[in-house]
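The block underneath contains the structure these notes are about, expressed in structure tokens.
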2 protein chains.
Amino acid sequence: MNLNARPLDANPLAHDRVYRQLRSRIMHGDLPPGHALTLRGIGKEYEVSMTPAREAVRRLAAEGALTMSASGRISTPELSNERIEELAALRALIEVELASRALPRAHFALIERLQTINNAVSEAVAHRDAVGYIRTNLEFHRTLYLRAQAPAMLAMAETVWLQMGPTMRALYGRLRRTEPPHFHRLIIAALRAGDEPGLRLAVRTDVTQGLRMLAT
Amino acid sequence: MNLNARPLDANPLAHDRVYRQLRSRIMHGDLPPGHALTLRGIGKEYEVSMTPAREAVRRLAAEGALTMSASGRISTPELSNERIEELAALRALIEVELASRALPRAHFALIERLQTINNAVSEAVAHRDAVGYIRTNLEFHRTLYLRAQAPAMLAMAETVWLQMGPTMRALYGRLRRTEPPHFHRLIIAALRAGDEPGLRLAVRTDVTQGLRMLAT
DNA sequence: GAAGCGGCTTTGTGATCACAATAATAACAT
DNA sequence: ATGTTATTATTGTGATCACAAAGCCGCTTC
């Protein structure tokens with residue numbers, strides 16, 4: 001009898017499924033910084049054995065989404081202020097370039113879609129929904145950058161988002177703002193006007209504004 | 001009897017040892033693009049079972065150092081020209097920033113060390129030693145960037161190097177030059193003069209010059 | 001010759017286990 | 001109460017196995 005048989009209705013590639021779900025939760029701020037995880041716990045939660053859980057964790061650790069202590073304990077990263085500054089600088093570098101490359105290809109339909117997403121961002125802010133804000137905000141940026149046709153750069157940007165996920169949740173969670181996202185409007189306006197310098201400035205400002213929350 | 005016992009003289013963390021050695025070989029161009037690997041082959045080569053080999057491969061795949069086909073077959077990446085252009089642009093973005101951050105901290109001892117490394121680069125070029133050239137060239141850049149005190153950025157740059165490793169070997173291997181690295185001298189001169197714009201230009205040019213070889 | 005077909009082999013995947021090391025808890029003494 | 005030690009529970013690591021799917025090779029057929 002085959003004890004290792006996997007249920008026929010189960011999706012193949014168990015480790016990939018675990019990886020994607022964990023990645024989404026981390027990127028969107030579902031887990032606070034320093035949250036501990038265990039291989040057996042993950043396996044139980046996703047109904048797999050330790051093996052695929054280990055592979056998913058190893059992959060996420062390689063991307064900086066999880067940190068492993070010297071003894072192998074798994075947790076979400078707790079970023080120092082210097083690390084946050086670095087990651088914000090990386091976002092500025094990469095995302096300004098992505099936006100710049102997307103600009104010539106940003107037609108009306110894209111700009112309209114960005115506005116729709118931006119409304120969802122405003123709504124999440126109004127409801128003080130930190131996770132919803134992070135998710136829609138990242139969707140706004142990703143939608144724009146997809147037009148750049150630069151998958152390696154987009155992957156780099158998403159890796160930075162991943163690393164900042166838990167910290168962003170902690171930052172936005174303690175934030176008590178209800179203002180709609182001002183810089184997103186500047187980005188949209190620059191796209192509409194075909195204003196590249198304005199777009200670069202708007203993206204850089206939007207991406208690094210989180211630092212100001214830290215400085216207080 | 002414990003069948004899983006590991007030899008007492010062996011270093012702990014087998015998967016990490018395998019990871020580091022494979023990573024070094026890939027980054028320095030030891031393997032050509034498209035080179036196939038197997039878990040059992042890696043395990044046999046490093047005298048471990050499939051498990052640590054799998055973890056090392058999974059980690060390298062997450063960093064883009066290896067690609068996995070839909071059926072899970074492992075090989076070094078074969079980069080398209082568009083992907084190479086993107087990675088070169090990423091190098092330019094990140095490494096120019098790293099150099100700029102290192103500039104205020106670049107004292108005499110560092111500049112002298114860069115010159116020593118650069119002599120090794122020239123020697124590798126003279127001997128048409130592609131792997132030696134890649135290794136010393138990366139050592140030149142890493143030595144400079146370490147002064148930037150920006151570990152996340154340096155990690156990003158190294159990830160790009162990793163992805164380009166096999167392709168760089170193929171490019172430099174078919175190259176028949178004996179000129180010493182001209183732009184490295186410009187970098188050193190700009191460091192000595194404290195000339196930030198000149199440094200940025202020199203790094204950007206050095207990093208993207210490989211594209212010119214492709215265009216021919 | 002080129003394309004289809006049968007088998008055999010290779011290969012990644014996931015489950016399970018033993019083990020060692022770490023963390024957590026209980027017991028105790030001061 | 002507090003700090004220390006001994007015991008127990010938890011956790012990651014690596015080895016091994018069964019299995020299915022994909023590659024490979026020789027054969028046949030038209």
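Below, read A as the first sequence line, B as the second, and so on, with proteins coming before strands; counting in each chain starts at 1.
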Practice task
Could you pick out which residue, Arg73(A) or Met50(B), lies toward the 5' side of DNA chain C when each is mapped onto its nearest nucleotide?
Solution key: Met50(B)

Practice task
Using atom CD1 of Ile42(A) as one end and atom C1' of dT11(D) as the other, report the distance to the nearest whole Å.
Solution key: 12 Å

Completion exercise
Per atom distances to the Arg40(B) side chain, the nearest of dT16(C), dG12(C), dT16(D) is dG12(C)

Exercise for the section: Please work out which of the three classes, parallel, tilted or perpendicular, describes the rings of His141(B) and His184(B), given edges at 30° and 60°. Expected result: perpendicular

Exercise for the section: Keeping the roles fixed (side chain from Ser75(A), backbone from His35(A)), state whether a donor-acceptor pair exists under 3.5 Å. Expected result: no

Practice task
Check whether any side-chain nitrogen or oxygen of Ser49(B) sits under 4.0 Å from OP1 or OP2 of dA15(D), and answer yes or no.
Solution key: yes

Practice task
Please check if atom CD in Glu123(A) has more than 12 non-hydrogen atoms from other residues, nucleotides or ligands closer than 6.0 Å.
Solution key: no

Practice task
Please assess Thr143(A) against Arg113(A) for the test side-chain hydrogen bond (donor to acceptor under 3.5 Å, both in side chains), listing each intermediate value before the final yes or no.
Solution key: CA-CA 8 Å; Thr143(A) 301; Arg113(A) 190 135 45 94; 4.8 Å; no

Handout entry: Polar side-chain contact Arg54(B)-dG14(D) base: donor and acceptor under 3.5 Å
Key = no

Practice task
Report the distance from atom CD of Glu47(B) to atom P of dA15(D), rounded to the nearest whole Å.
Solution key: 11 Å

Completion exercise
Here the distance between atom C1' of dT10(C) and atom CG of Leu37(B), to the nearest Å, is 15 Å

Problem - Electrostatic pair Arg23(A)-Glu158(A), nearest N-O below 4.0 angstrom - result: yes

Handout entry: Closest nucleotide among dA23(C), dT11(C), dG23(D) to the Thr38(B) side chain
Key = dT11(C)

Exercise for the section: Please state whether the phosphate of dG14(C), meaning OP1 or OP2, lies under 4.0 angstrom from any side-chain nitrogen or oxygen of Arg58(B). Expected result: no

Practice task
For Ile74(A) and dT22(C), give me the distance from atom CD1 to atom P, rounded to whole Å.
Solution key: 16 Å

Problem - Interatomic distance where NZ belongs to Lys44(B) and C1' belongs to dA15(D) [whole Å] - result: 17 Å

Exercise for the section: Take the protein atom CD of Glu55(B) and the nucleotide atom C1' of dA15(D), then report the distance between them rounded to whole Å. Expected result: 12 Å

Problem - Leu39(A) CG - dG14(D) P separation (whole Å) - result: 12 Å

Practice task
Mark yes or no for a side-chain to base donor-acceptor pair under 3.5 Å between Thr51(A) and dA15(C), with no hydrogen or angle criteria applied.
Solution key: yes

Problem - Whole-Å distance separating the CG atom of Asp16(B) from the P atom of dG12(D) - result: 16 Å

